[in-house]
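In what follows, every heavy atom counts, from backbone to side chain, and hydrogens, waters and symmetry copies are set aside. Since this is a predicted model, take the numbers as computed values, not measurements.
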Amino acid sequence: MNRMEISQKMKKSIDGIVNRQGFVSFIDVLMLLNKLTQEDYRKWRNGGVSYLERVLRGNLNQLNYMLKEFRSYCLKQGLKPSWTGYYARGKGNKKRLQFS
């Protein structure tokens, strides 16, 4: 998939997610574009994977491009960025998860 195709698919995914739930996260887009499986997401959320990039499909250059495009398109659409903390699920101390 080239960058133009990625960009088009991302924009379509972002628009669909925002229309459905009123907000969008990069993880939602990764799942829709089959860069992250539900199974791998669960492993990461449960602390079984040290950082999310380890289970993402695609090379780091492609993922970096996607992240930049995501931010740029969301800002153009008038969406406001917000910080989201991800913490491992389960009992005991909640370990902060590494995303990027």
Side-chain angles (χ1 to χ4, degrees):
M1 193 173 353
N2 66 35
R3 287 185 172 202
M4 186 176 287
E5 292 171 333
I6 290 170
S7 184
Q8 290 171 348
K9 287 183 180 188
M10 282 187 61
K11 289 174 183 177
K12 186 177 179 182
S13 297
I14 291 167
D15 291 339
I17 294 167
V18 170
N19 287 334
R20 191 170 53 253
Q21 62 188 28
F23 64 92
V24 63
S25 74
F26 191 55
I27 288 179
D28 294 332
V29 174
L30 290 172
M31 286 189 186
L32 275 178
L33 296 178
N34 296 317
K35 299 291 183 184
L36 177 64
T37 66
Q38 195 68 248
E39 170 83 19
D40 287 337
Y41 175 71
R42 266 190 239 109
K43 285 180 191 174
W44 177 68
R45 284 304 306 258
N46 291 326
V49 176
S50 55
Y51 53 94
L52 189 62
E53 286 88 346
R54 181 165 279 221
V55 293
L56 292 178
R57 293 185 170 95
N59 63 51
L60 289 178
N61 286 333
Q62 185 182 65
L63 295 169
N64 187 44
Y65 172 77
M66 290 175 68
L67 191 56
K68 287 178 183 178
E69 282 293 302
F70 174 79
R71 178 174 171 74
S72 173
Y73 185 71
C74 288
L75 289 174
K76 285 178 187 174
Q77 297 303 307
L79 298 173
K80 296 178 184 174
S82 64
W83 183 85
T84 302
Y86 290 95
Y87 295 89
R89 295 180 179 155
K91 296 180 181 179
N93 289 338
K94 302 298 182 198
K95 175 184 152 194
R96 186 159 176 222
L97 299 174
Q98 188 173 345
F99 178 80
S100 178

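Under the rule for a salt bridge (Lys or Arg N to Asp or Glu O under 4.0 Å), the partners of E39 that lie at least two apart in sequence or sit in another chain are R42.
Interatomic distance, SG of C74 versus CD of E69, reported as 10.5 Å (0.5 Å rounding). Here the OG atom belonging to S25 is positioned 8.0 Å from the CE atom belonging to M31, to the nearest 0.5 angstrom. The distance from atom CE of M66 to atom NZ of K35, rounded to the nearest 0.5 Å, is 6.0 Å.
Put simply, the side chain of W44 never gets that close to the backbone of E53: no donor and acceptor are under 3.5 Å apart. No side-chain donor-acceptor contact under 3.5 Å links Q8 to the backbone of E5. In terms of modelled atom types and a separation under 3.5 Å, the side chain of N59 and the main chain of N61 share a donor-acceptor contact.
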task = For side-chain contact (heavy atoms from CB on, under 4.5 Å), just list the numbers for V55 and K43, CA-CA rounded to whole Å, side-chain angles, deciding distance to a tenth of an Å, and then say yes or no.
result = CA-CA 9 Å; V55 293; K43 285 180 191 174; 5.7 Å; no

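Of all heavy-atom pairs spanning P81 and L75, the tightest one is CD-CD2, 3.9 Å.
Tested against L36, the residues L32, L33, D40 include a single side chain to side chain contact (heavy atoms under 4.5 Å, CB included) partner, D40. When each of Y41, Y86, F70 is paired with F26, the ring-ring contact (aromatic ring centres under 6.0 Å, His included) condition holds for F70 and for no other.
Residues Y65 and L67 share a hydrophobic cluster, clusters being chains of Ile/Leu/Val/Met/Phe/Trp/Tyr side chains in contact below 4.5 Å. Residues L60 and L52 fall within the same hydrophobic cluster, defined by Ile, Leu, Val, Met, Phe, Trp and Tyr side chains chained together at heavy-atom separations under 4.5 Å. Note on L30 and F23: separate hydrophobic clusters, where clusters join Ile, Leu, Val, Met, Phe, Trp and Tyr whose side-chain heavy atoms are under 4.5 Å apart, directly or indirectly.
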Which side-chain N or O atoms in residues 9-20 pair as donor and acceptor under 3.5 Å with protein atoms at least two apart or in another chain?
| residue | atom | partner | partner atom | Å |
| --- | --- | --- | --- | --- |
| S13 | OG | K9 | O | 2.9 |
| D15 | OD1 | Y73 | OH | 2.9 |
| D15 | OD2 | Y73 | OH | 2.9 |
| N19 | ND2 | D15 | O | 3.1 |

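Other members of the cluster containing W83 are Y87, with ILVMFWY side chains joined at under 4.5 Å, either directly or via other members.
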